[in-house]
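In what follows, a structure is listed as structure tokens, so that the remarks can point back to it.
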Amino acid sequence: MEMTGARILVEGLLREQVEQVFGYAGATICPLADVLRETPQLGYTLVRNEQNAGHMASGYARVTGKTGVCIVTSGPGATNLLTGIATAYMDSIPLVAVTGQVPSNLLGRDIFQEVDITGAATAFTKHSYLVKDAAELPRVVREAFHIASTGRPGPVLIDIPIDIQQQIVRDPVFPEEVRIRGYNPSVRGNDKQIDHVAEAIRKAERPVICAGGGVFLSRAMPDLETFAARTRIPVVTTMMGLSLLPTDHPLNMGMIGTHGNVCANKALAKSDLLIMIGTRAADRAIFSPEEIQRRMPSIHIDVDPAEIGKNIQTEIPLVGDVGTILRQILSRDLDTRCAPWLAALQERRRQELERNYPVRAGSVSPGRLMRLLGERLDPDAAICVDVGQNQIWACKHLWLQGGRFLTSGGLGTMGYALPAGVGVKVAQPRRQTLVICGDGSFQMSMNELAAVRAAGMDLKILVIQNGVLGLVHQIQETPPYHGPYGVDLAGSPDFEAIAAAYGIPSITVEEEDQVEPALSRFLSARGSCLLIARVDPAATTGD
């Protein structure tokens with residue numbers, strides 16, 4: 001049997017049980033597009049900017065647990081995709097990115113739309129391939145999906161020259177197994193270390209669990225909840241760990257970090273044992289790692305050995321799959337004595353959740369808006385949140401009953417939320433999906449409303465409109481800076497008109513008494529809807 005390189009690639013995708021790809025066409029990817037045209041079992045979503053192909057594939061991957069796939073052309077198509085790849089890399093999202101490339105005999109000659117994309121992406125891919133023989137494609141595709149989805153997940157790049165896509169291969173061999181020398185990620189935790197963990201937990205009086213996005217990546221959400229419930233150890237989360245537990249769960253003390261909840265940060269500061277599970281302990285989550293490691297011993301569970309000890313020196317490191325390790329720990333004697341500690345934190349948390357929000361005439365309180373919105377969402381809702389003040393307000397105040405909270409926590413990529421929301425809806429059309437963004441970040445990807453309209457999606461989009469790049473504006477208002485500069489969004493379009501141009505209805509709220517009826521209309525609207533909330537530019541993330 002003879003197959004072209006493009007046909008081999010598509011066959012490889014089907015063997016990996018890929019059902020959906022996100023992409024943007026171009027000359028050097030046309031042979032592949034031609035095969036996709038004849039493969040109806042592979043869904044295709046056309047993006048309006050290649051960067052967003054990465055974000056859509058990310059949203060798709062995060063809610064399905066599968067590896068997302070994006071396909072773009074060479075040159076600017078590939079370089080536009082770089083931010084999407086880097087965003088996935090920083091948040092450990094499994095992604096396979098396929099880029100077209102100029103003919104292999106012309107590589108290195110700087111011809112039209114040639115760029116060394118494998119070289120450019122080296123710093124933020126797990127691995128990359130420049131394919132020079134189509135006969136290698138069955139192995140390359142199999143390895144790419146294996147690398148992207150195992151160990152610490154992340155993006156893998158496959159760069160394929162146009163002539164390799166057209167090359168004929170007789171009887172291609174598709175491997176059933178993957179064997180990569182030197183690549184053998186740990187899964188099971190060391191049994192002696194597990195014993196040390198159990199002993200440390202039994203001795204602690206004020207332990208705290210810090211859970212991050214790695215719990216989602218290993219699909220260990222039930223294991224985490226079982227572990228916390230059995231030990232009665234309070235839980236704080238990083239931004240990437242939000243929605244692991246409902247907001248009002250009796251063990252959930254909120255999000256830690258620079259922009260975290262007071263109760264969560266107090267719990268971390270007063271703890272006598274820190275149990276980090278699936279988190280990098282990065283600067284935004286743990287502001288002063290030196291102080292933390294001085295005050296308390298720590299346990300660090302992560303699949304990536306490079307992360308353990310990078311930011312906090314830990315007494316008990318455990319390398320392996322989070323779910324597997326939690327089940328190992330649960331097999332031990334875990335009697336704890338932290339009931340007084342938990343009770344004190346729960347009282348503090350109760351007061352925090354019952355707080356009142358400041359009201360400004362002629363504008364909407366973002367904290368109160370998030371609280372009321374969250375209370376009205378389905379328990380399984382997917383919430384895709386952008387970057388900036390809108391992100392912090394959502395993290396601190398959005399009432400989560402479960403579901404998934406998706407945001408760009410590592411790279412902090414503005415414009416992430418809308419395409420990620422599209423990816424979620426492609427994967428799970430019936431799942432209630434909400435996009436939250438600011439007027440700055442919305443303008444970075446609002447062209448993807450075309451993808452929303454083309455697919456007839458039911459996607460609810462909240463835009464916090466304050467006329468400035470809010471978080472930078474807030475920072476510039478404090479020393480050593482002397483006032484806002486370069487953050488005024490003058491010239492922004494009429495968002496109602498923009499939405500209408502895409503056939504999407506909109507609602508605008510400017511006063512507190514408008515919020516509740518507007519939310520009812522917004523969430524009950526048939527199909528997609530845009531809710532524009534006018535917020536005072538002086539409002540801060542501390543409000």
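Bear in mind the structure is a predicted one, so any value in this text is a computation, not a measurement.
Counting only distance, with no hydrogens or angles, the side chain of N261 and the backbone of M255 share a donor-acceptor pair below 3.5 Å. The closest donor-acceptor contact from the side chain of Q514 to the backbone of E511 lies under 3.5 Å. The backbone N or O of L489 sits nowhere less than 3.5 Å from a side-chain atom of Q443 that would complete a donor-acceptor pair. Panel note: side chain H300, backbone T279; a donor-acceptor pair is recorded below 3.5 Å. Proximity of a side-chain donor or acceptor of S528 to a complementary backbone N or O of L459 within less than 3.5 Å is detected. Checking side-chain atoms of E315 against main-chain N and O of S298 turns up a donor-acceptor pair under 3.5 Å. Under the 3.5 Å distance criterion, the side-chain polar atoms of T336 are matched with a main-chain donor or acceptor of T231. A donor-acceptor pair under 3.5 Å is formed between the side chain of Q476 and the backbone N or O of Y485. D223 places no side-chain N or O within 3.5 Å of a backbone atom of R327 that could act as its donor or acceptor partner. Proximity of a side-chain donor or acceptor of R206 to a complementary backbone N or O of C338 within less than 3.5 Å is not detected.
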Q) Given V236 and N265, is the side chain to side chain contact (heavy atoms under 4.5 Å, CB included) satisfied, shown in steps? A) CA-CA 8 Å; V236 299; N265 284 327; over 6 Å; no
Q | Derivation of the side chain to side chain contact (heavy atoms under 4.5 Å, CB included) call for E512 and V364 | A | CA-CA 5 Å; E512 286 298 327; V364 171; 4.1 Å; yes
Q: Tell me, with the steps shown, if D439 and Q465 meet side-chain hydrogen bond (donor to acceptor under 3.5 Å, both in side chains).
A: CA-CA 5 Å; D439 45 352; Q465 186 178 32; 4.7 Å; no
Q) After noting the C-alpha distance and the side-chain angles of T541 and Q389, does the key distance pass the side-chain hydrogen bond (donor to acceptor under 3.5 Å, both in side chains) rule? A) CA-CA 6 Å; T541 54; Q389 283 181 320; 5.8 Å; no
Q: Please report the C-alpha distance between L318 and D302 in whole Å, then the side-chain angles of each, then the deciding distance to 0.1 Å, and finally whether the side chain to side chain contact (heavy atoms under 4.5 Å, CB included) criterion is met.
A: CA-CA 7 Å; L318 264 172; D302 201 279; over 6 Å; no
Q.
For T508 and E496: C-alpha separation, side-chain torsions, deciding distance, then whether side-chain hydrogen bond (donor to acceptor under 3.5 Å, both in side chains) applies.
A. CA-CA 8 Å; T508 299; E496 292 180 339; 2.5 Å; yes
**Q.** Derivation of the side-chain hydrogen bond (donor to acceptor under 3.5 Å, both in side chains) call for S92 and R152
**A.** CA-CA 6 Å; S92 306; R152 179 178 180 172; 2.8 Å; yes
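Just one residue in the list V319, T314, I277, I316 forms a side-chain contact (heavy atoms from CB on, under 4.5 Å) with I301, and that residue is I277. Screening Q346, E352, E347 for a side chain to side chain donor-acceptor pair (under 3.5 Å) involving R350 leaves a single residue, E347. A side-chain contact (heavy atoms from CB on, under 4.5 Å) with F522 holds for exactly one of L530, L531, V509; it is L531. The residue from T87, T83, L411, L82 that alone fulfils the side-chain contact (heavy atoms from CB on, under 4.5 Å) condition with F124 is L82.
Rounded to the nearest 0.5 angstrom, L342 CG and R232 CZ are separated by 5.5 Å. The line from CZ of R349 to CG of L345 is 10.5 Å long, rounded to the nearest 0.5 Å. Atom CG of L274 sits about 6.0 Å away from atom CD1 of I312, to the nearest 0.5 Å. With rounding to the nearest 0.5 angstrom, the CZ atom of R48 is 14.0 Å from the CE atom of M446. Here K396 contributes atom NZ and D543 contributes atom CG; the two are 8.5 Å apart, rounded to the nearest 0.5 Å. Note: S243 OG to L406 CG = 7.5 Å, rounded to the nearest 0.5 Å.
Contact check for I275 versus C210: no side-chain heavy atoms found under the 4.5 Å cut-off. Taking 4.5 Å as the limit, every side-chain heavy atom of W399 sits out of range of all side-chain heavy atoms of L373. At a threshold of 4.5 Å between non-hydrogen side-chain atoms, the residues V387 and S408 count as touching. Residues V208 and V235 have side chains not in contact (no heavy-atom distance under 4.5 Å, counting atoms from C-beta outward). D386 places none of its side-chain heavy atoms less than 4.5 Å from the side chain of I436. Two residues are said to be in side-chain contact when any heavy atoms from C-beta on lie closer than 4.5 Å; S506 and F495 fail this criterion. Looking at E225 and L245, their side chains come closer than 4.5 Å, going by heavy atoms from C-beta outward. Side-chain contact between I93 and P155 is absent, with no heavy atoms from C-beta onward closer than 4.5 Å.
Side chain to side chain, Q401 and D378 fail the donor-acceptor criterion of an N or O pair below 3.5 Å. Checked by atom type, the side-chain pair Q51/N80 shows no donor-acceptor distance below 3.5 Å. Side-chain contact check for Y416 and S58: at least one donor-acceptor pair (N or O, by modelled atom type) lies under 3.5 Å.
Smallest separation of non-hydrogen atoms from V385 and A394: CG1-CB, 3.9 Å. Of all heavy-atom pairs between V424 and G59, the closest is CG2-O, 3.8 Å. Shown here for N252 and P246, the closest heavy-atom pair between the two residues is ND2-O, 2.9 Å.
Salt bridge status for R521 with E516: absent, with no side-chain N to carboxylate O gap under 4.0 Å. Ionic pairing of E307 and R280 is not present here: no N-O contact between side-chain nitrogen and carboxylate oxygen is shorter than 4.0 angstrom. Looking at D458 and K460, a side-chain N of the basic residue comes within less than 4.0 Å of a carboxylate O on the acidic one, giving a salt bridge. Salt-bridge formation is detected for the pair R360/D536: a Lys NZ or Arg NE/NH1/NH2 atom is positioned less than 4.0 Å from an Asp or Glu carboxylate oxygen.
Other residues, nucleotides and ligands contribute more than 12 heavy atoms inside 6.0 Å of the NZ atom of K126.
Taking the centre and axis of the six-membered ring of Y357, the NZ or CZ atom of R371 falls outside the cone set by 45° and 6.0 Å.
Not less than 6.0 angstrom separates the ring centroid of H55 from the ring centroid of F22.
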